[in-house]
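Proteins get letters first, then strands, A, B, ... in listed order; numbering begins at 1 in each.
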Amino acid sequence: MSAQDVTITLPDGATKTVAAGTTIADFVKTQIGPGLAKAALFATIDGAEVDLSRTLDRSAKLAIFTTKNPESLDLVRHDAAHIVASVVQRLFPGTQVTIGPTTDDGFYYDFARDTPFTPEDLERIEQAANEEIRADHPFVRKEVSKDEALALFERLGEKFKLEIIEDIFAKGATTLTLYSHGDWTDFCLGPHGPSTGRVGVIKLLSVAGAYWRGDHRNAQLQRIYGTAFFTQKDLDAWMTQQEEARKRDHRKLGKELDLFAFHPAAPGAVFWTANGTMIFTILAGAMRRLCLSNGYAEIKTPLLYNKMLWEKSGHWGKYRENMFLILDPEADDTLAVEDRASFSLKPMNCPSHHLFYEMKRRSYRELPLRLHTQDVLHRNEATGVLSGLTRVRQFQQDDAHIYLMESQITDEVKRLAAMIAKVYAAFGLEFTAKFATRPEQKIGDDALWDRAEAALRAALEETGLPYELKPGDGAFYGPKIDFDVADSIGRKWQLGTIQLDYVAPERFELGYIGPDNNEHRPVVIHRAIYGSFERFIGILIEHYAGNFPVWLAPEQVRILPVHDRHLAWAEEVQARLLAAGLRVDVDRSRSKLGAQIRDAQLAKIPYALVIGDKEVEAQGVSPRKHGTGKDADLGLQTLDAFLAVIQPEAEIPY
RNA sequence: GCCGAUGUAGCUCAGGGGUAGAGCAGCUGAUUCGUAAUCAGCAGGCCGGCGGUUCGAAACCGCCCAUCGGCUCCA
């Protein structure tokens, strides 16, 4: 080994010695093998991702990544974003480029162009992008100084890029890395694959407006969404999977299973059908029982309040845009709308609960005082954000406010974490916790926030739950822990929340008499477990793909008489199941059994009971279990045997 | 709120400047049938709303409403 040699350690521990300055590509070809050299996409040197064109200048650990490594998909999608940007600029001269990152499922690229891209434009771009892949242009890396970078993008007339370059150097960079393929150049951290040909296949998905730097006061850009895969087969598999996800869309299933509806006369407000209402009330009742057994009291408070309440709570200053205002008919109509408003529908329950709390003297012996409410809330959401059950204007939360002493925070947060875990487990929902700290728009001084954040975080640490930090994501009145759940196909939803609030007790001058006979200030915890019933039911529909467990199914059993002469026994069975507390219907259509079964299957009813001559003779039933294919028929059995199967499944698990 | 797309029967969807179509669902009749669709007939629509262009508009244009995909925001 000469002084100019370096020692390279491979992931399996093997070491190789080569001359310093050898490129990774050459190293792989000569020291490992031409097979891997051909398959390689990028590498890591001591864990840092690099291009294969980089040289080995010091002894280090080297790992080579190919299409077999999951990380590589993200790399080719980044390559794909560059390719799309290059063909867009070729096909649509004058279009400016901005940024083009990868996402979980693919990538997007934001363009500045006056005329929006049409679906036909997208097809042309996709075709040209895939031609660019076939042209197999190498990605060429080059480092330049700030002046060179500015000169280049100045000449290209890319004003958004110039802005980004200034930022990058302002943050302390000394050089900028350029990547070119064909005659097109962009800058980015890299790495990129060896050439465009390694991308496989690009599929463009949609075009949408997006604001420059995500700020709605900035220019609106045209965002092209796309994805890329190594092979057409992978892409097809992904497209099929997307298709499957669309089949369990709660809006589609809500119609098919007759759970809920919307009407243009009340945008963002749900019409719950009998089926949907059944699910809603089961969830509401289950939460009531859980709260009762955890020392909560349920209360009801008014929906409509004089604006003086909102001024006191701080909502008038921070939340008015989202509130439905009732205008005073006597008011001077030259005034601004908010000055004519006299009342508002409540967008949150907290101020109502604070009023309730302060209606009488409170003792430390009452604390923690846990107030639970499922009242209706209204928030005037922007038209563009409404979406099925997940984003509505009228909704109900499984809301509660807990008034307690600072010393009780840890125990209470632990109690809440246990309740949350129990509820989500009942649905088979996996969850993760996120700790969110003070946002820019906030009320209360920093000293108060310091205490609130420290207390909540300490309590969270004590629960032992793993959590992720979300700085600046707190509510305007306090820090919070949000609970994200993942549904059966891995999608994440934010549901439960625990929010600590030192500000409201100050504003509402809440107090309790302590053991020292002096008045003290309580702390408030805001908490919800389902979040909103509407969103939660939407998520459950998708999680179960409409196949509700017996305890949640609006119709648990459907009885299918084979012939009219079996109706008498069918009705007898129905009466006995109803008496056992089950939700049961009889199919009185005169269709053939096959059609009756099909209807019951499509309605996703957990059990269908076939009743024909055999069953009447034996005074029994033949249950058929939904969704179990060839094993669906459970065979002739007594009613008691069937009850023994279904009753445990009908029990609410929390 | 912003950008784009869409809106035809209860549902799913064809059609497209010259009298509005299908399947399923519904209703009526026949069929009484054993584990995912029995047959026939009937009925059903101001083609989202308002304006405009045109001899003629469901179709073309404008505005509005709603929905969908995103952005900002969020339970």
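- The A/Val385 side chain lies nearest to B/C73 when the options are B/C73, B/C33, B/C3.
- With B/A75, B/U12, B/G34 as the candidates, the nucleotide lying closest to the side chain of A/Val610 is B/G34.
- Taking atom CG on A/Asp599 and atom P on B/A25, their separation rounds to 8 Å, with Å as the unit.
- The backbone N or O of A/Asp398 sits less than 3.5 Å from a side-chain atom of A/Arg527, completing a donor-acceptor pair.
- Atoms CE and OH, from A/Met323 and A/Tyr305 in turn, are 11.5 Å apart once rounded to the nearest 0.5 Å.
- Residue A/Leu386 has its side chain nearest to B/U67 when only B/U12, B/U67, B/G34 are considered.
- Ring geometry, A/His526 versus A/His401: the interplanar angle exceeds 60°, so the pair is classed perpendicular (tilted spans 30 to 60°).
- Side-chain proximity of A/Ser206 to the nucleotides B/A75, B/A36, B/G69 is greatest for B/G69.
- Each of B/U72, B/G4, B/C73 was ranked by its minimum atom distance to the side chain of A/His216; first place goes to B/U72.
- Under a cutoff of 6.0 Å and an axis angle of 45°, A/Arg223 and A/Tyr108 form a cation-pi pair.
- Applying the 3.5 Å distance criterion, the base of B/A75 shares a donor-acceptor pair with the side chain of A/Glu381.
- With hydrogens and angles left out, the side chain of A/Tyr211 and the base of B/G1 share a donor-acceptor pair within 3.5 Å.
- The nucleotide whose nearest atom lies closest to any side-chain atom of A/Tyr225 is, among B/C71, B/G34, B/G4, B/C71.
- No hydrogens or angles were tested; on distance alone, a donor-acceptor pair under 3.5 Å links the side chain of A/Arg391 to the base of B/C73.
- Of the two residues contacting RNA chain B, namely A/Val207 and A/Tyr530, the nearest-nucleotide position lying further toward the 5' end is that of A/Val207.
- Checking the phosphate oxygens (OP1, OP2) of B/C68, a side-chain nitrogen or oxygen of A/Arg251 falls inside 4.0 Å.
- Here B/C68 sits opposite B/G4 as a Watson-Crick or G-U wobble pair (both hydrogen-bonding atom distances under 3.5 Å).
- The pairing partner recorded for B/A25 is none, the criterion being a Watson-Crick or G-U wobble arrangement whose two distances lie under 3.5 angstrom.
- Out of B/C71, B/A66, B/G1, the shortest distance to the side chain of A/Pro267 is found at B/A66.
- In this structure, A/Arg598 places its CZ atom 22 Å from P of B/C33, rounding to the nearest Å.
- At a threshold of 4.0 angstrom between heavy atoms, the contacts of A/Lys255 are confined to the sugar-phosphate backbone, with no base atom among them.
- A side-chain contact (heavy atoms from CB on, under 4.5 Å) with A/Asn349 is found for one member of A/Leu377, A/Leu371, A/Ile299 and no other, namely A/Leu377.
- Pair assignment for B/C50 gives B/G62, based on Watson-Crick or G-U wobble hydrogen-bonding distances that are each under 3.5 Å.
- Minimum atom distance to the side chain of A/Ala208 is reached by B/G70, of the listed B/G70, B/C11, B/C74.
- Dashed line: the shortest gap from a side-chain N or O of A/Tyr108 to OP1 or OP2 of B/C71 is not under 4.0 Å.
- Atom CD1 in A/Ile597 sits roughly 15 Å away from atom C1' in B/U38 (whole-Å rounding).
- Between the side chains of A/Ser313 and A/His354, no donor N or O sits under 3.5 Å from an acceptor N or O.
- Between A/Arg565 and A/Asp613, at least one side-chain N (NZ, or NE/NH1/NH2) sits under 4.0 Å from a carboxylate O, which counts as a salt bridge.
- A/Glu615 comes within contact range of at least one nucleobase, with a heavy-atom separation under 4.0 Å.
- Proximity note for A/Leu593 (side chain, C-beta onward) versus B/G34, B/A75, B/A36: the nearest is B/G34.
- Side-chain N/O atoms of A/Thr383 include one lying less than 4.0 angstrom from OP1 or OP2 on B/G1.
- In this structure, the aromatic ring of A/Phe117 is not positioned over the six-membered ring of the base of B/G4 within 5.5 Å between centres and 30° between planes.
- Look at CD1 on A/Ile224: it is 13 Å from C1' on B/C3, rounded to the nearest Å.
- Taking every side-chain heavy atom of A/Gln494 into account, B/A75 is the closest of B/A75, B/C3, B/G34.
- The shortest distance between the side-chain N/O atoms of A/Arg213 and the OP1/OP2 oxygens of B/C71 is not below 4.0 Å.
- Phosphate contact (OP1/OP2 of B/C39, side-chain N/O of A/Lys592, threshold under 4.0 Å): absent.
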